[in-house]
Visitor: 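One structure is given below, represented as structure tokens, and several questions about it will come after.
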Protein chains: 2
Amino acid sequence: MSSVQDGARWRRQQIRAVKEALRDLNIQLSLLNRQFGARVELKDADWDCLDLINRQGPLSPSALARVAGLHPATLTGVLDRLQRGGWIVRERDPDATDRRAVTVRARRERNAELYRLFSGMNAQMDQLCEDYTDAELELIADFLRRTTTAGNTATDELSSG
Amino acid sequence: MSSVQDGARWRRQQIRAVKEALRDLNIQLSLLNRQFGARVELKDADWDCLDLINRQGPLSPSALARVAGLHPATLTGVLDRLQRGGWIVRERDPDATDRRAVTVRARRERNAELYRLFSGMNAQMDQLCEDYTDAELELIADFLRRTTTAGNTATDELSSG
DNA sequence: TGAGATAGTATGATTCCCATATAATACGGC
DNA sequence: GCCGTATTATATGGGAATCATACTATCTCA
């Protein structure tokens with residue numbers, strides 16, 4: 001009886017530990033992002049947008065503004081800077097269904113410069129992963145993906161609610 | 001022989017999957033942070049600093065500037081805004097060894113407002129954690145903590161190197 | 001005691017953010 | 001097909017943020 005309660009208590013602590021660790025990781029990755037951005041003369045929001053463009057593929061400024069949580073006019077400035085720095089191109093597809101539409105595309109040939117920034121963190125993650133079995137890595141990757149989904153939902157709730 | 005190679009290949013893919021998931025999570029949490037900040041009228045950097053003050057305990061402006069990667073003068077502006085908003089207090093310890101020193105302390109009585117913002121994400125994480133055993137949760141928390149340490153090291157390397 | 005380092009903040013030029021306005025295009029009802 | 005409205009991307013201007021520099025007060029150490 002007491003052991004059952006102890007078990008429940010232990011479990012709550014475990015869940016709490018996971019959430020705290022996640023929050024600490026969140027802060028640390030934010031700081032790491034800022035250092036990344038500083039290395040290529042990009043503001044926080046600029047860096048976020050470049051990352052989104054790189055990973056979510058070519059997309060329109062309005063869609064990017066929505067997902068990044070930025071004012072459309074602010075995003076124009078962000079894109080101006082990214083384009084001036086040669087990180088992206090704005091394309092106007094001639095045979096697009098909507099002739100107002102602009103497509104923002106990352107210049108892949110410059111991605112090597114970005115990956116170089118990641119190399120330190122990358123090497124450390126490789127080493128860290130060595131300590132886990134295949135099954136454990138799969139478990140971790142799945143947890144991370146599900147957490148991302150949860151974060152996405154929470155973000156939407158906050159931005160719309 | 002071939003199966004050994006396949007196993008190694010599979011493993012590389014697993015590691016890659018973990019890193020990609022982590023990167024996606026990084027972006028998503030950045031966006032979530034921006035929404036949090038927007039809800040309490042705080043800029044990205046302001047929110048980061050408030051979070052650091054809350055979690056790393058009372059600390060000096062210079063230490064905060066270092067860890068947050070901000071210019072000292074910029075941090076003065078950040079602290080001004082946080083203080084004006086009533087989120088922190090600047091204290092001048094009378095019997096401190098260094099009389100120049102200022103201590104920045106979070107006003108804990110306002111933390112409830114912050115936790116309310118987290119409630120959505122918090123509830124989702126609770127639910128997500130239900131799918132894991134105690135041992136799995138421990139594994140995950142440990143992985144997250146070690147990743148935070150790795151991020152910390154990578155941040156230091158970038159900011160000093 | 002004095003030279004130099006350090007903590008925190010003020011100052012001013014530059015840059016950024018964002019509410020609003022504008023131009024071009026799309027869409028829905030009639 | 002035509003007109004009112006919505007939407008996309010960007011320009012404009014006023015207010016705010018950023019950061020190099022300077023400044024004051026204090027500490028350290030010789």
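Order of the sequence lines fixes the chain letters, A, B, ..., with proteins taken first and strands second; residue numbering starts at 1 for each chain. The shown structure was predicted, so the numbers you read here are calculated from the model rather than taken from an experiment.
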Visitor: Starting at CG of A:Asp46 and ending at C1' of C:dT15, how long is that distance when rounded to a whole Å?
Guide: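 The answer, rounded to whole Å, is 12 Å.
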Visitor: Can you measure B:Glu41 atom CD to D:dA17 atom C1' for me and round it to whole angstrom units?
Guide: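 Checked: the CD to C1' distance equals 15 Å.
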Visitor: How many whole angstroms separate atom CG of A:Asp93 from atom C1' of C:dA24?
Guide: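 Atom-to-atom, A:Asp93 to C:dA24, this comes out as 17 Å.
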Visitor: Less than 4.0 angstrom between a side-chain N/O of A:Arg92 and OP1 or OP2 of D:dT8, yes or no?
Guide: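 No, because none of the side-chain N or O atoms of A:Arg92 sits under 4.0 Å from OP1 or OP2 of D:dT8.
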Visitor: Just N and O in the side chain of A:Arg99: are any of them under 4.0 Å from OP1 or OP2 of D:dT8?
Guide: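 No, outside the criterion.
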Visitor: Taking only Lys NZ, Arg NE, NH1 and NH2, and the carboxylate oxygens of Asp or Glu, determine whether A:Arg34 and B:Asp44 approach each other closer than 4.0 Å.
Guide: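 Salt bridge between A:Arg34 and B:Asp44, a charged N being under 4.0 Å from a carboxylate O: no.
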Visitor: Starting at CZ of A:Arg90 and ending at C1' of D:dT8, how long is that distance when rounded to a whole Å?
Guide: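 Roughly 13 Å, once rounded to whole Å.
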Visitor: Is there a residue in residues 64-84 of chain B whose heavy atoms reach under 4.0 Å of DNA chain C, and which residues are they?
Guide: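 Those residues are B:Pro72, B:Ala73, B:Thr76.
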Visitor: Is it the case that the side chains of A:Asn111 and A:Asn54 hold a donor-acceptor pair, with the cut-off being a distance below 3.5 Å and no angle test?
Guide: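 Indeed, the side chains of A:Asn54 and A:Asn111 share at least one donor-acceptor pair under 3.5 Å.
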Visitor: Please determine whether a side-chain nitrogen of the Lys or Arg among A:Lys19 and A:Asp24 lies less than 4.0 Å from a carboxylate oxygen of the Asp or Glu.
Guide: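 No, this pair does not count.
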Visitor: Excluding sequence neighbours, so at least two apart, what forms ring pair (Phe, Tyr, Trp, His ring centres under 6.0 Å) with B:Trp47?
Guide: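 B:Phe36.
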Visitor: With no angle test and no hydrogens, is the base of D:dT26 tied to the side chain of B:Arg100 by a donor-acceptor pair under 3.5 Å?
Guide: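 Flag set: donor-acceptor pair detected.
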Visitor: Which is more 5' along DNA chain C, the nucleotide nearest B:Ser60 or the one nearest A:Lys43? Just name the residue.
Guide: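 Nearest nucleotide further toward 5': that of B:Ser60.
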Visitor: How about B:Asn33 and A:Asn26: does a side-chain donor come under 3.5 Å of a side-chain acceptor?
Guide: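 B:Asn33 vs A:Asn26: donor-acceptor pair found between side chains.
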Visitor: Has the side chain of A:Ser119 got a donor or acceptor atom that lies under 3.5 Å from a matching backbone atom of A:Tyr115?
Guide: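 No, because the side chain of A:Ser119 does not come within donor-acceptor range (under 3.5 Å) of the backbone of A:Tyr115.
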